[in-house]
Amino acid sequence: MSGIYIHIPFCKQACFYCDFHFSTSMAKRVEMVAALQQELKLRKDEFKNELVETIYFGGGTPSVLKSEEINNLIYSVYEHYRVSDNPEITLEANPDDLSKSRINEMSQSKINRLSIGIQSFFEDDLKLMNRAHSAIEAEESLIMATSQFDNISIDLIYGIPGATDAQWLQNIKKALSFNIPHISSYALTVEPNTALAHMVEKGKIANVDDEAAERQFNMLVDELEEKEFVHYEISNFGKEGYFSKNNTAYWQGKKYIGIGPSAHSYDGKERGWNIKNNIKYIKSIQANKLPIEIEILTTADRYNEYIMTGLRTIWGVSIVKITKEFGEKYSDYLIQQSAKSRSQNLLIIENNTIKVTKKGKFLADGLAADLFMV
Ligand code: SF4
């Protein structure tokens, strides 16, 4: 199984917390779409023997492109790659782009999964984060999207300064009222060099309260598990049959090609990342030169990667797989390094697999770091 990720590096406005690659100028939209199509063509041999099972439009904000442009990109994938009969094709969309006519156009295309950036149903939260949509647009987009699409995911952010636990609970309940089968939820993080970081430094916005974030994370886990969502990755909850195939493949170390500026690629041995600059990206592709840097992963890199992603998922980290792929030195190290967290009931070994316990879930990334081979 393998996937294609296509990065659309445009947004209507910059959310204060965001450190993804995007531009708020759409001046190069046409050239960008042409360059993305050309990169798909230039890299087709990398997937000569692969069957593409997922296509994912991320960003940025893919829904700022016209339906015709998205369809042309999908067409280019089909033109140059072998695609499975029923691939998962996801488009990330923001509520302010989801008019009724737009959703109709999407439902008539090959897109079969929408990932909608709701983040919050409260106007104050949306303003604090400088989201482009309003609370009303958040609700309206879901009413319209659920009438045409069955496979929908929404993003929600917890730990927003000033948002109480009661508001967060209302956000969760509101999300559940739309009967969507998948929710991704992340803690608001103050990334360096973002507008949010500057505002926190200047005291204009209170810093993120880690204890509140942990409380709200636990509320989310309890509420969603009660409604039969499976907490299959630390930030992802899905009903049976609705787990993200794209992300699951990524967490399970499958191959993927990342198209577009700043997009990452992985083939099991090497990791590549495209240049993070729209103009330079377009110029390079126009000259038929891939603007990619490649790093060959060492055994320790691959082990660390597996620990990092595996520990965040319900599938955990298989000790048998570690022994088979990396050798006994690594599995012995893993067992020995995890002893302290296991004694604290943060990690557990079950059927030769190391997993985080309920108590350890919120700390998964830190627990993984303790198991890294350095
Ligand atoms: S819409 Fe998404 S990618 Fe664009 S600025 Fe906001 S968070 Fe970042």
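Predicted model only: the values in this text are computed from it and were never measured. In each ligand, atom 1 is the first atom listed, and ligand 1 is the first ligand listed.
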Please confirm whether Gly60 comes under 4.0 Å of ligand 1, counting heavy atoms of the residue only.
yes
Among Phe10, Phe16, Phe20, Tyr17, which residue places a heavy atom closest to atom 7 (S) of ligand 1?
Tyr17
Could you see which bit of Cys15 sits under 4.0 Å from ligand 1, with heavy atoms only: side chain, backbone, both or neither?
both
Quick check: does Cys18 have an N/O/S atom under 2.8 Å of atom 4 (Fe) of ligand 1?
no
Is there a heavy atom in Arg131 that sits closer than 4.0 Å to ligand 1?
yes
Which of the atoms of ligand 1 are close to Asn94, meaning less than 4.0 Å from one of its heavy atoms?
1 (S)
Hey, are Tyr56 and Glu88 close enough side-chain-wise for a donor-acceptor pair under 3.5 Å?
no
Phe22 heavy atoms within 4.0 Å reach ligand 1 at atoms 5 (S)
Does either side chain, that of Asn130 or that of Gln13, offer a donor lying less than 3.5 Å from an acceptor on the other one?
yes
Nearest heavy atoms of Glu39 and Asn274, plus distance in Å:
OE2-ND2, 3.0 Å
Taking only heavy atoms of Thr61 into account, list the atoms of ligand 1 that are under 4.0 Å away from them.
1 (S), 4 (Fe)
When you check the gap from the basic side-chain N to the acidic O, do Arg131 and Asp96 get nearer than 4.0 Å?
no
If you look at every heavy atom in Asp125 and Ala163, which pair is closest and at what distance?
OD1-CB, 3.9 Å
Provide the closest heavy-atom pair for Ser76 versus Tyr81 in the form atom of the first, atom of the second, distance.
O-CD1, 4.4 Å
Ligand-side contact atoms (ligand 1) for residue partner Cys11, heavy atom cut-off under 4.0 Å
1 (S), 3 (S), 4 (Fe), 5 (S)
Would you name the heavy atoms of Leu156 and Ser120 that are closest together and state the gap between them?
CD2-N, 4.3 Å
